[in-house]
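Below is one structure; the comments refer to it alone.
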Protein chains: 2
Amino acid sequence: MTSDTANPIEIDLFTALEDKGLRKTSARSAVLTRIESANDAFTAEQLCRDLPEVGRATVYRTIRHLVDAGALCKLPILDGAPMYSIARVEHHHHTICSKCGAVGEFRHSTVERVMRSLGKEIDGEIVGHRMEIFIICNQCLSGANDGG
Amino acid sequence: MTSDTANPIEIDLFTALEDKGLRKTSARSAVLTRIESANDAFTAEQLCRDLPEVGRATVYRTIRHLVDAGALCKLPILDGAPMYSIARVEHHHHTICSKCGAVGEFRHSTVERVMRSLGKEIDGEIVGHRMEIFIICNQCLSGANDGG
DNA sequence: CGTTTTATTGATACTTGATATCAATTAGGA
DNA sequence: TCCTAATTGATATCAAGTATCAATAAAACG
């Protein structure tokens, strides 16, 4: 929430693009800066609205690059647009508040263990998994969102 | 796979609509029949293509009714259109072949147990979860799909 | 620093998935 | 059969996202 420490994630996003041999432009910098400043997950359209000076196509392209580089997670959770969140943890899962839409991350070793034990029951070779936990977040539980 | 037994699922789909007070029309019957005959998951557009005699709007409406009634699962797995599969098991998860897109179902009690144990770690109240396992299905492993 | 090359941008048009509209039709009860 | 309300589906519209391509800007080179 506070911004009194240098954030290593910023470097990660820029590095992710550099590693792909992409140029550092002002449009991309604007997108990356906005992504960092979002502590919540966001949609592509949200970024477009927040960054009217950056073209829609560029916003979508930059997001695609970052997902491609593994720096962003794409969460196809809603009926409409998918959400994106910075991939802070190597392998993780997401919590999604059913009321306010806030997205969180967590790791749990048992989930990975379950995956391995499932191997026997499943008709093929497991190459990945995804899990989303739907919650009512503490903020919403405490009534912070009752006006909605 | 074979069709030598009466299929109780057919009744479920029709009953699902009846329970919502919806009329039995020929358009809806066509959609339900097509859904039953699909042993794989399908997209709305696939149904539209398979049923040119039924209007697009009706296909989408019928799918929405069935999802709403819990008779279909909506799987927002792909970049494009979500897929739907008949909900045969009360609570379950899905396997998705990364190569051919085939969707399967499974239940695993450990997954549910993990959910309960996660309650302590998670910043809110768990109200649901979803899990998808990405596989290469046996058919694809055996090379049945190499032409793609 | 200026020139050159090449990636990038972004307005626009388009594609796709899905919903709203609404006159014509049809189901199903009286 | 008739009546009424639900349903249909052609069409328009919306929303998310991509392709196009002339203009622009980054960075490599001298």
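Each chain gets a letter, A, B and so on, in the order the sequences are listed, and its residues count up from 1. Fair warning: this is a prediction, and the values are worked out from it, not measured in the lab.
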message: Is it the case that the base of C/dT8 and the side chain of A/R61 share a donor-acceptor contact (distance under 3.5 Å, atom types as modelled)?
response: no
- prompt: Can a side chain N or O of A/T25 be found less than 4.0 Å away from OP1 or OP2 on C/dT9?
  reply: yes
query: Taking NZ, NE, NH1 and NH2 as the nitrogens, is one of them in B/R56 or B/E45 under 4.0 Å from a carboxylate oxygen of the other?
result: yes
- request: Can you tell me the distance, in whole Å, between the CZ atom of B/R23 and the P atom of C/dT25?
  value: 16 Å
- prompt: Looking at B/H93, B/H92, B/H94, which one forms a ring-ring contact (aromatic ring centres under 6.0 Å, His included) with B/F106?
  reply: B/H93
query: Looking at A/R130 and A/E132, does any basic side-chain N land under 4.0 Å from a carboxylate oxygen?
result: yes
field: Gap between atoms NZ and P, on A/K24 and C/dT9 respectively (whole Å)
entry: 13 Å
- request: For C/dT9, take OP1 and OP2 only and decide whether either is under 4.0 Å from a side-chain N or O of A/R28.
  value: yes
- request: Starting from C1' on C/dT15, measure out to CZ on B/R56 and report it in whole angstrom.
  value: 13 Å
- prompt: For A/R64 and C/dT9, what is the distance between atoms CZ and C1' respectively, to the nearest whole Å?
  reply: 14 Å
statement: With a 4.0 Å cut-off (strictly under) to non-hydrogen atoms of chain A, the first and last hit nts on DNA chain D, 5' to 3', are D/dA16 to D/dA27
message: Is there a side-chain contact (heavy atoms from CB on, under 4.5 Å) between A/Y60 and A/V31? Walk through the geometry before answering.
response: CA-CA 10 Å; A/Y60 276 93; A/V31 174; over 6 Å; no
query: Is the A/H91 to A/H129 ring centre distance short of 6.0 Å?
result: yes
message: Closest-nucleotide mapping onto DNA chain C: is B/L22 or B/A57 further toward the 5' terminus? I mean the 5' end.
response: B/A57
message: For a quick check under 3.5 Å, do A/H108 and B/E121 share a side-chain donor-acceptor pair by atom type?
response: yes
- request: Determine the contact category for B/A27: base if any of its heavy atoms lies under 4.0 Å from a base atom, sugar-phosphate if only primed atoms, P, OP1 or OP2 are that close, otherwise nothing.
  value: sugar-phosphate
task: Check the distance between C/dT8's P and A/L32's CG and give it to me in whole angstrom.
output: 13 Å
